[in-house]
Trainee: 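For reference, the structure I am asking about is given below.
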Amino acid sequence: MQDGTLLAAVDLGSNSFRLEIGRLEHGHIHRVEYRKETVRQGGGLDEERNLTPDAMQRGWDCLARFAERLSGFPRGHVRAIATQTLREARNREAFITRGNQILGFPIDVVSGPEEARLIYQGVARLLPQSDERRLVVDVGGRSTELILGRQFESSAVVSCRVGSVAWSARYFADGMFTPRAFEIAETAAKAVLDEAAQPYRGELWDVAYGSSGTAGAIGSMLAAAGREQGYITRAGLDWLREQLLRARHADRVRLEGLKDDRRPVIGGGLCIVRAVFELLGVERMAVAQGALRQGALYDLLDRERPGTDLRAASVRALMRRFAVDEAQAARVAQLALRLFAGAAPPGSERAARKLQWAAELHEIGCRISHQDYHRHGAYILEHADAVGFALPELHALGLLVLGHRGKLRKLEAGLDDPVLALQLMCLRTAIALCHARRAPDVQGLTLRLDGRRCSVRSRPGWAAAFPQSAHLLREEAQAWQKTPWEYVAELA
């Protein structure tokens, strides 16, 4: 990416949706525009954890307004990230499918650890260079992330299901502030956080930072009351609790620095921050300027730099963890990419990258059991916390690993996607040709796609020279017979 390039991040949070647009200048991203809308989607989950129609419509309406601003942005310059509410929602696919169409860019639902990593990146990128050991705390609408790191590297991340929207709805549902309600809410927050808090105790970090809306709101109120600008202290939290108790009701809270959209959820957010201070031994916390959306912008930049895409590193880590035969993985990946390059339309670089990763991971399930190892591999990818990957990306890799062998009926719905179908054809063909676990002779062999007809052709005499490979390709043609696609082996 060249200097002057505009990048955009959309953060679909539980309380607010945010749009951040930045311009790349000498390796740094400088803000051009920032928009925030209070959507409160986290409060729109019903008892069965489905988003209500009203909550979905509020989200879609906001995305439509963001889409108008993002018109003309290249796909690779925009990242839309959804967090805890859409991780929880049972009907998230309905929201995301329509949301993708409205926004014009894919919405990535990220795991809790991946959200935490991006938050740390956003915070670290906006801090001065330092060797200090950092604790970053992000109290969101339905989750709280704790991260340890130094400079731009996070060393420990965790995401806990406790947030300002959820806690306010649960413990201050009527808006009333009472000593008993605060006591119960803080105790409940500590009970959730305590399970994960041990690696984040005070002796493991030098400076604590609070990011995002809750920390920003508390910091603003304390500064407006004459306390230290840009910091949250235990004494300040005690003072703020007393102010809420004096107001007795959220609607009556009139504190400078508290915006109207934050008022209904400040009770739950305050309880969680107080719980963090007590559990982790925090006395003083700096209010950070960076957050998830800045981390997403820098992640976009990293993905375009050679050797800096964390997803490739995650693939290598998974290969090592599950003892993948790296030589065979490389053979299959190289051949699958060659076949894909000859058949895919221009602009298919992202699909090619995912095909490469699927080829490198196609035997990941063998460490569990060779029988049905493709199913084990798909399960691993569906449930892995893989750094850099969004959940839909892992799902797509899981489909390719699941479909690389056996009948294709199990992928019936997915085969409506022409990109997935071509990726599978190339992957399955490459695996068949590499059956002897050595580099195959594929001189003169081509794979072409014409509409929904895939044809594999060989040079004269190839089928006679390699009868087992020819047999496997003819079997592959039979495997595709009951799908919307035709696979023809024209072997001489």
Side-chain angles (χ1 to χ4, degrees), residues 319 324-344 351-352 354-366 369-378 397-412 414-415 418-492:
M319 292 173 69
V324 168
D325 182 340
E326 294 188 16
Q328 175 68 357
R331 280 189 290 268
V332 171
Q334 183 178 10
L335 181 51
L337 288 175
R338 174 189 157 182
L339 296 172
F340 187 79
K354 290 180 173 62
L355 173 60
Q356 176 181 344
W357 292 332
E360 291 172 339
L361 294 170
H362 77 279
E363 291 187 333
I364 193 174
C366 288
S369 172
H370 192 78
Q371 184 176 1
D372 289 337
Y373 73 85
H374 56 305
R375 297 184 185 276
H376 299 310
L397 289 183
L399 285 179
L400 289 171
V401 170
L402 178 64
H404 86 264
R405 63 176 297 191
K407 296 180 180 179
L408 290 162
R409 197 165 45 212
K410 56 184 176 286
L411 299 177
E412 189 171 357
L415 290 178
V419 175
L420 175 66
L422 179 57
Q423 288 172 320
L424 267 179
M425 290 171 185
C426 295
L427 179 59
R428 289 170 66 101
T429 301
I431 290 169
L433 291 169
C434 294
H435 66 91
R437 307 188 83 80
R438 60 175 179 266
D441 182 347
V442 292
Q443 184 178 358
L445 189 138
T446 61
L447 185 149
R448 295 290 182 267
L449 191 64
D450 183 14
R452 289 187 171 248
R453 186 177 192 271
C454 174
S455 57
V456 179
R457 296 187 177 94
S458 70
R459 68 179 187 268
W462 183 87
F466 304 101
Q468 178 63 13
S469 296
H471 169 72
L472 292 174
L473 293 185
R474 293 186 181 108
E475 281 196 333
E476 186 64 18
Q478 295 178 9
W480 288 88
Q481 284 182 352
K482 294 183 180 180
T483 74
W485 301 85
E486 182 182 8
Y487 183 104
V488 180
E490 299 176 353
L491 307 176

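Predicted, not measured: the structure shown is a model, and the values here were computed from it.
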Trainee: Below 4.5 Å, heavy atoms only, C-beta onward: do R338 and V442 meet side chain to side chain?
Mentor: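 Yes, side chains in contact.
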Trainee: What closest approach, in Å, do L411 and G403 show between heavy atoms, and which atom pair accounts for it?
Mentor: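 It is CD1-CA, 3.4 Å.
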Trainee: Please collect all ring pair (Phe, Tyr, Trp, His ring centres under 6.0 Å) contacts where either partner lies in residues 432-463, sequence neighbours excluded, each pair once.
Mentor: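 Qualifying pairs: W462-F466.
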Trainee: Measure the spacing between CZ of F340 and CG of L447 and express it to the nearest 0.5 Å.
Mentor: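 Here the interatomic distance stands at 10.5 Å.
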Trainee: Counting only heavy atoms not in Q371 (residues, nucleotides, ligands), do more than 12 fall under 6.0 Å from its CD?
Mentor: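 No, because the 6.0 Å sphere around CD of Q371 holds 12 heavy atoms or fewer from other groups.
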Trainee: Quick one: does any side-chain atom of D372 pair with a main-chain N or O of H374 as donor and acceptor, under 3.5 Å?
Mentor: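 No; judged by distance alone, with no hydrogens or angles, the pair does not exist.
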Trainee: Is there a donor-acceptor pair closer than 3.5 Å between any side-chain N or O of S458 and the backbone N or O of L445?
Mentor: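 Not a single qualifying donor-acceptor pair exists.
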Trainee: Identify, with sequence neighbours excluded, every residue that meets salt bridge (Lys or Arg N to Asp or Glu O under 4.0 Å) alongside E363.
Mentor: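 E363 satisfies salt bridge (Lys or Arg N to Asp or Glu O under 4.0 Å) with R437 once adjacent residues are dropped.
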Trainee: Look at the side chain of K410 and the backbone N and O of K407, then say whether any donor-acceptor pair between them is shorter than 3.5 Å.
Mentor: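 Here the side-chain-to-backbone pair exists.
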Trainee: So, do E360 and V324 sit near enough that their side-chain heavy atoms are less than 4.5 Å apart?
Mentor: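 Sidechains of V324 and E360: no contact.
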Trainee: Quick one: closest heavy-atom pair of G398 and A378, and the distance?
Mentor: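 Heavy atoms only, the tightest pair is O-CB, 3.4 Å.
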Trainee: Does the W485 side chain pair with the main chain of L422, one donor and one acceptor, at a distance under 3.5 Å?
Mentor: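 No; judged by distance alone, with no hydrogens or angles, the pair does not exist.
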Trainee: Hey, does L433 have a side-chain heavy atom less than 4.5 Å from the side chain of L473?
Mentor: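 L473 vs L433: side chains touch.
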Trainee: Could you tell me whether the side chain of H376 reaches within less than 4.5 Å of the side chain of S369, counting heavy atoms only?
Mentor: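 Heavy-atom side-chain distance check passes, below 4.5 Å.
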Trainee: Please determine whether the number of non-hydrogen atoms from other residues, nucleotides or ligands lying under 6.0 Å from atom CD of Q334 exceeds 12.
Mentor: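 No, not enclosed.
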Trainee: Charged N to carboxylate O below 4.0 Å: is that the case for R459 and E490?
Mentor: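 Not counted as a salt bridge, because no side-chain N and carboxylate O are separated by less than 4.0 Å.
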Trainee: If we ignore hydrogens and angles and just use 3.5 Å, is the side chain of D325 paired with the main-chain N or O of Q328 as donor and acceptor?
Mentor: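 Side chain of D325 to backbone of Q328, a donor-acceptor pair under 3.5 Å: yes, one is there.
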Trainee: Are side-chain heavy atoms of V456 and V488 found at a separation under 4.5 Å?
Mentor: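 No, too far: nothing below the 4.5 Å cut-off.
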Trainee: Distance from R428 atom CZ to L339 atom CG, nearest 0.5 Å?
Mentor: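 R428 CZ to L339 CG: 14.0 Å, rounded to 0.5 Å.
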Trainee: Could you verify whether a donor N or O on one side chain and an acceptor N or O on the other, from Y487 and S455, lie under 3.5 Å apart?
Mentor: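 Y487 vs S455: no donor-acceptor pair found between side chains.
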Trainee: So, R457 side chain and A492 main chain: donor-acceptor pair closer than 3.5 Å or not?
Mentor: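 Side chain of R457 to backbone of A492: no pair is present.
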Trainee: To the closest 0.5 Å, what do you measure between SG (C426) and CD1 (I431)?
Mentor: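 Taking SG in C426 and CD1 in I431, the distance rounds to 11.5 Å.
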Trainee: Partners of Y373 by ring-ring contact (aromatic ring centres under 6.0 Å, His included), sequence neighbours excluded?
Mentor: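 Listed in chain order: H370, H404.
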Trainee: Can you tell me how far the CG atom of L399 sits from the CG atom of L424, to the nearest 0.5 Å?
Mentor: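 With rounding to 0.5 Å, CG (L399) is 8.0 Å from CG (L424).
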Trainee: So, taking the atom named CG in L400 and the one named CG in L361, what distance separates them when rounded to the nearest 0.5 Å?
Mentor: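 Spacing of CG (L400) from CG (L361) equals 10.5 Å.
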